[in-house]
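As the structure is a computational prediction, the values presented were derived from the model and not from experiment. For the numbers below, each heavy atom of this structure counts, side chains included, while hydrogens, waters and symmetry mates do not. Note on naming: letters A, B, ... go to the chains in the order of the sequence lines (proteins, then strands), and numbering restarts at 1 for each one.
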Amino acid sequence: MQKMCSFITSNFHKYNPSSLDSYLSIGGFEATQKAICFGSDKVIEEMGKAQIRGRGGAEYDLAKKWTQARLVSGPIKYVVCNADEGEPCTFKDRDILSYDPFRLIEGMIICGLTINATAGYIYIREEYTYLQSLFLDAIKQCRRKNFLGKNILGTSNDFELYVYTGAGAYVCGEGSTLIESIEGKSGRPRIKPPYIKECGLWQKPTCVNNVETLTLAAAIMQYGVNEYIKYGTEKSVGTKIISLAGNINNPGTYEIPFGLTLEEIINDLGGGITNGGELQFIQLGGASGKIAPASVISTPYTYEDLKNQDLTIGSGGFLVVDTNCRIIDFIKSIQDFFVHESCGKCTPCREGNRQIEKILERFIKNEQREHDLDTAIRFAEIMKNCSFCGLGETAQSAFLSAVKHFPNEFLSGEEVSYATN
Amino acid sequence: MHIDDRCAQFEILTEKLAYNINRIVEKYNYDESKLISILLDVQKIVPKQYIPTEIAIYIGEKMNLPLSRVYDVISFYMALSPNKRGDYIIQVCDSVVCQVVGNAFLLNILQDYLNINFDESTEDGIFYLEKAPCFGACDVAPAIRLNGTVYGNLDTKKKIIDLLEKYREEKLYAENV
């Protein structure tokens, strides 16, 4: 099987990202033209054939999302692009934003036309400030050529695009929180229902999509869905951009067909473990993803095979860790991240994270008490079930999977002394 | 008395700064939804890159927002600071990827060389050091962000010190010109 492919990323380094003319010279805006010819039903049908699942991490069916967004009635609807890529070990959106801003804009326009939205908002994290000006300029150029504005491309549809900045808050990657932030408030999630598809930005129906998802939608429009479904496996169709990092020789972003094994990704794309080290475990899907021991590396990178191993693709983060890292230090680092990033709105996440952090601190100092592990697991389960938003629900994935796969790292004080004697 | 006339009573909010803040607020059309962008832009032009109380009050009055509304945003977002920082803000990524690749060495050198702890500024006010969550530079870990620019693969002492020296010289040169 071909190891790397170029479908979503096919425009990378092919044009000057700050010039619309350059983009048009390589077939830019053909995708939007096609989407206009197709009409909403056919566009959604194509997305359905491509079986796209949301690429930000939630893996929600795109055709379903756009169908629901389209069916919501109302004169004003919004498309939001979530470019608040805050998940540690995820930097694929950064590359799309840097090298192919115009295709993303096309993706937003196509989504807008499909669901009858009147405006789009792109929320770019503060850490990518340097990319915000690129987008502001790209939008200006698109307006001049009537790709944005009133009656775009000769249709009866109006579509405007605006750039909003984040200010360093991981939780703003959550849909309703992101909307609060666009409205200029602190980032705390909203209660659902009402769902943002019905009552989102400024109380209007809103369709939030990830950068990669929208870019992929535009690429499918341009090349046709049949080109896309050539890649991948039967149940995991197509390609995915992964962010490979950690103790690996060639870290970076790679577009791969679904179905490569984890081993192929680590060795053939990543060039193996740094300094000839030995793989200890991997973490998929960023800090909120689960970890899995080296024994799983023959698993194919597909939704269904990873699910069987209790893993998820999530955002496409792929962190490789060698045997020099202590599991407990790794988990503590993840825990520090979530303590820092919890917005504090709900008790399970705010207090759960703090208490688990204290317990992990004791494990690091080897001062753990008899029931510490049980307490931490109980808190983690409560967080998973009772947190207000996805942040709290997934914050303990790494910890719980570490306990499952590496139980010896979490022995109580007495068990440790028993084992060493 | 209008707040513009009170600039004389303030230490940081000079007339010139107030004028520039007005321009930022006008650029965003006094739009409440742009409060985050306004505060980020203002913070860049305040010496030592922060939002002091008097400026928070000033922006609140300009935009007709309660002070609590302004502080809701300032205190929530990491990129905004109510505390005095420095000419150059060094954010060291302390998330899991940088730790796995090995950033302990980077954290130590920065603290030793600048002779400060995290969340502190150097005596001359040039550098401010803080830990930051992942800023998406995992492919060049271990990395820092210096006033928004990412520097990666900082795996030797020389690379780190040369970088800091370059910025220190730049600042001193600018002051003497």
Contact class of A/S181 relative to chain B, heavy atoms under 4.5 angstrom: both
Pick one of side chain, backbone, both or neither for A/Q132, based on which atoms fall under 4.5 Å of a heavy atom in chain B. neither
Ring-ring centroid check B/Y167 B/Y88, cutoff 6.0 Å: yes
Under 3.5 Å, is there a donor on one side chain and an acceptor on the other for A/T323 and A/E278? no
Relative to chain B, which segment of A/C343 carries a heavy atom at a distance below 4.5 Å: side chain, backbone, both, or neither? both
Could you check, using the six-membered ring where one of them is a Trp, whether A/F281 and A/F330 have ring centers closer than 6.0 angstrom? yes
Using 4.0 Å as the upper bound for N to carboxylate O, is an ion pair formed by A/E85 and A/R94? no
Under a 4.0 Å threshold between the charged nitrogen and the carboxylate oxygen, would B/E32 count as salt-bridged to B/R69? yes
Sort B/F76 into side chain, backbone, both or neither according to what part of it lies under 4.5 angstrom from a heavy atom of chain A. side chain
Any idea which of A/G344, A/G86, A/P88, A/A245 has the most non-hydrogen atom pairs under 4.5 angstrom with chain B? A/P88
Flag, side chain of B/E54 to backbone of B/L13, donor-acceptor distance under 3.5 Å: yes
Under a 4.0 Å threshold between the charged nitrogen and the carboxylate oxygen, would A/R190 count as salt-bridged to A/E174? no
Where on A/E183 is there a heavy atom nearer than 4.5 Å to chain B: the side chain, the backbone, both, or neither? backbone
Do you know which of B/L40, B/I74, B/L35 has the most heavy-atom pairs with chain A at a distance under 4.5 angstrom? B/L40
Can you tell which of A/K185, A/E87, A/H340 has the highest number of heavy-atom pairs within less than 4.5 Å of chain B? A/K185
Which bit of A/I182 comes within less than 4.5 Å of chain B, counting heavy atoms only: side chain, backbone, both or neither? backbone
Would B/D41 and B/K27 pass as an ion pair if we require N to O under 4.0 Å? yes
So what's closer than 4.5 Å to chain A heavy atoms on B/Q99: side chain, backbone, both or neither? side chain
Examine whether an atom of A/V171 lies under 4.5 Å from a heavy atom of chain B, and if so say whether it belongs to the side chain, the backbone or both; otherwise answer neither. side chain
